Amino acid sequence: MDPLAAIRDTFFQECEEQLAELESGLLAMEAGDTDSETINAVFRAVHSIKGGAGAFSLDALVRFAHVFETALDEMRSGRLAPSQDALKVMLRASDVLADHVRAARDDGAVDEAHTAALAEELKALGPDGGADADEGSEDDWGDFEFKPMSVDAPDEPAPMVGGGWRVAFKPRADLYAKANETALLLRELGRLGAIEVECDASALPSLADIDPEAAYLAWTVTLTSDADETSVREVFEFVDGDCELEITGLQTDVGGGAGPDAGDAPEQVPGGDLDISALLARAQAAADSRPSSPAEAIPEPVPAEPVAAAPAIASAPVATATAAEPASPDGQGQPRKSEAGATIRVDLERVDRLIDLVGELVINQAMLSQRVMEAGFARASGVAMGLDELEQLTREIQDSVMAIRAQPVKSVFQRMPRLVREVGAMTGKPVRLVTEGEGTEVDKTVIERLADPLTHMIRNAIDHGLESPEKRAAAGKAAEGVVRLSAAHRSGRIVIEVADDGGGINRERVKSIAVERGLIAADAPLSDEEIDNLIFMPGFSTASEVSDISGRGVGMDVVKRSIQALGGRIAISSRPGKGSTFTMSLPLTLAVLDGMVVSVAGQTLVAPITAIVESLQPKASDVHSLGGHSRVIMIRDTYIPLIDVGMALNYRATPMDATQGVALLIEGEGGARAALLVDAIQGQRQVVIKSLEANYRQVPGVAAATILGDGRVALILDIDTIVAVSRGADSVRAEKRLAAAG
Amino acid sequence: MTQINPNNAAGALRELISFRIGAQEFCVDIMAVREIRGWTAATALPQSPSFVRGVINLRGAVLPIVDLAARLGFEGSETTERSVIIVAQIGEQVVGLLVDAVSDILTVTDDVIQPTPDVASDTAKTFVRGLLAIDGRMISLIGLERVLPDLDLEAA
């Protein structure tokens, strides 16, 4: 990949993060969290996208981001109230911005009309319909030397101009030797706000004495900007150590209203103490002119003062207050910043390689233990005890490494608000999405593969679950439906719930449809739970008319299958008039699997425990032949197909005696049950999943491979395929009917 | 040891690893060979052609073992303690080739390799890339691209 493409990739990755930040910020604001830190975060997100997009000449994106940013700035400066209406427009604007980013990334197109309409809406949010002040900056969006952002309250008599920085910068010869360039640094500073640059050439010797490789010049830059010190320092990040750099906050010109932003300065600036004492001195001088003592004057909120004295006095309390208690609005922002500083971006491949290696370490350690035991060392011997410690360490390493891949489900949850907005608008149902447990962590692969089933379920919840506003009103419910999406860790698995407060499953209709489609017998006696579970059957779709939203020929059976493919289970509970809840339980990682180790015809195989309902010893009286090699086994008055795994995998040519083996009752695709006949169960074990495809190809009936403690490869059974293959296409329906009716 | 001179006018020097299956000698390009290891029992794979012996654990990776004798259309090898697995890189995949013994490393120029004579055998056409006559022995140069079962052919 050429470097530019790599940078572009990084930009788009960062855009995704910024977009996520933007949306979650807006949602937080919608929920009432309108403190300046949240608004600033939202603003920063749009601003960064705009800045990056400008660098790549993505004009359409820059243009829209600019309008968005302008509106946000209005809100940030308090001229625009964060009303629900304004935030709704902004949320939709964030969707459009996301569309723009994706269009720019994939060279796709965006809906120009929609963009223009939203841009107008955004402009209309501004004071006077966004007519005056914004126009100026709008015209020069191209050179993103946007105006300094003042944070004054709107009704202030505008003491003008927020915080700023004095940057004294003296490059050493090394800086130039490393091919850095002062002009570029200054230009970079210029991006943070308006700058005034003074060059100090006093150190310049006469021409005769000049060493062409030495550095003589120094600059003093007065930067008017509300950028924090970190951003200013970042400009000099690459010349750190190669120059003398002094960054001092400019406090003296700040009006009292500039509190939160200007407050950044004193506690972060190295020379800050000096500054504060200077300020204090001035404040004291001003206060001395009044009868009260300075000590009282400082903590007191300063009321309207004579204009001349106001700036000096007002700034003093701000400065001291911030220095004294870092938990001010800016203090809140800090942990977030340091968090961002403490993360690194790592190629997923490297992490996977590490996970592979640790997997091998675990196997090796198990092999070593086995050998040591075989060699007859006593349990209390030094060797055995050392091995125990090694085992513990290995486990810890494995857990920590797995944790690297773990990510909060937030990344998939945050795609849902937009979906809810869109589906809600399409169906004409007002919906509120409530999310819980976004911080719950699970393997990245699981997260990626959760997006589709979740999307489908949420669509379903709104389209089928929630009633129309009229019906809700009639039932005495709030017009706005609630869809609740939550995640939590429960006994080593992650449990995700999608719940709606709609009408619940209409069991009469579900049953009649199932009968109509031939999925169950008309007189099948089904419990409520069994009826609810019918919606997971292939070929079942409750929408009487196929809607755009959820009726696309795929139903809950697809959802169930994708959840099962992840080693998970899904269940539904529904209460008429109260709503339905889908509960999914998933493994935390796909790298390891809880397996039942079994022997079949001399081979060791692993069956995923999630699929196994129970295991039992077949009695001769319960096993019946259905002609050919087909057999059924009666389990609690139900005949269930008995599949000889050895035969299914061609490990043996003649069926084994069922009474000599163990039957594993499994629940496969579509809720159909079958019993797998194996020779014996060796035990339960957590196994590391190894791909067969990497060096060979897919093998029917085998999901993957693993390496056991003795160093040998064991195959992991693909239960669904084994069941499907043993049945043959024709019998599938009939047996499903049988199984479901049972 | 022969010095390799890539600018040799007679064509670049190639190094080949020669091995024995039954009474016959074969060789493959040394660049394809990752390592050579002793035989360990393989785990049988269901629904696989008879020349696929199964899979073994190669330092954590699952490695399919192809019985090269069976693949080339001979009687399948009897595995003994002296059987050897040549671990070879074929495209993106790593495959173990079961052979009776590894005999030599040959350094040859391209012009020593004679084109495969026209014979009826499909296996010869599929796998044999050329013949070498070394000290009166005939050694067949094997191409490994088609060693793994072809998915399309299997499906047909």
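These numbers were taken from a predicted model, which means no experiment stands behind them.
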Enquirer: Considering only heavy atoms, which portion of A/Ile707 lies under 4.5 Å from any heavy atom of chain B: side chain, backbone, both, or neither?
Expert: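 For A/Ile707, the contact with chain B is made by the side chain alone.
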
Enquirer: Keeping A/Asn695 on the side-chain end and B/Pro64 on the backbone end, is there a donor-acceptor pair under 3.5 Å?
Expert: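 No: the side chain of A/Asn695 does not pair with the backbone of B/Pro64.
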
Enquirer: Between A/Tyr696 and chain B, which part of the residue has a heavy atom less than 4.5 Å away: side chain, backbone, both or neither?
Expert: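 Contact with chain B is through both the backbone and side chain of A/Tyr696.
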
Enquirer: B/Val95 versus chain A, heavy atoms under 4.5 Å apart: side chain, backbone, both or neither?
Expert: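 For B/Val95, side-chain heavy atoms alone lie under 4.5 Å from chain A.
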
Enquirer: Determine whether a donor-acceptor pair (N or O, by modelled atom type, separation under 3.5 Å) exists between the side chain of B/Arg129 and the backbone of B/Leu144.
Expert: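 Such a contact is absent between B/Arg129 side chain and B/Leu144 backbone.
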
Enquirer: How long is the gap from OG1 on A/Thr706 to CG on A/Leu605, to the nearest 0.5 Å?
Expert: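 Output value for this atom pair is 12.0 Å.
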
Enquirer: Between B/Val52, B/Thr40, B/Leu63, which residue shows the highest count of heavy-atom pairs closer than 4.5 Å to chain A?
Expert: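 Highest number of heavy-atom pairs under 4.5 Å: B/Val52.
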
Enquirer: side-chain contact (heavy atoms from CB on, under 4.5 Å) with B/Arg53: which of B/Val66, B/Leu45, B/Asp67, B/Thr43?
Expert: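 Answer after filtering B/Val66, B/Leu45, B/Asp67, B/Thr43: B/Asp67.
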
Enquirer: What part of A/Ser691 is in contact with chain B, defined as an atom under 4.5 angstrom from a non-hydrogen atom: side chain, backbone, both or neither?
Expert: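 Contact with chain B: backbone only.
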
Enquirer: What part of B/Ala41 is in contact with chain A, defined as an atom under 4.5 angstrom from a non-hydrogen atom: side chain, backbone, both or neither?
Expert: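 When you check distances to chain A, atoms from both the backbone and side chain of B/Ala41 fall under 4.5 Å.
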
Enquirer: Please evaluate residues A/Arg652 and A/Asp679 with respect to the criterion salt bridge (Lys or Arg N to Asp or Glu O under 4.0 Å), reporting the C-alpha separation (whole Å), side-chain torsions for both, the decisive distance (0.1 Å), and the verdict.
Expert: CA-CA 12 Å; A/Arg652 59 173 145 238; A/Asp679 296 13; 2.8 Å; yes

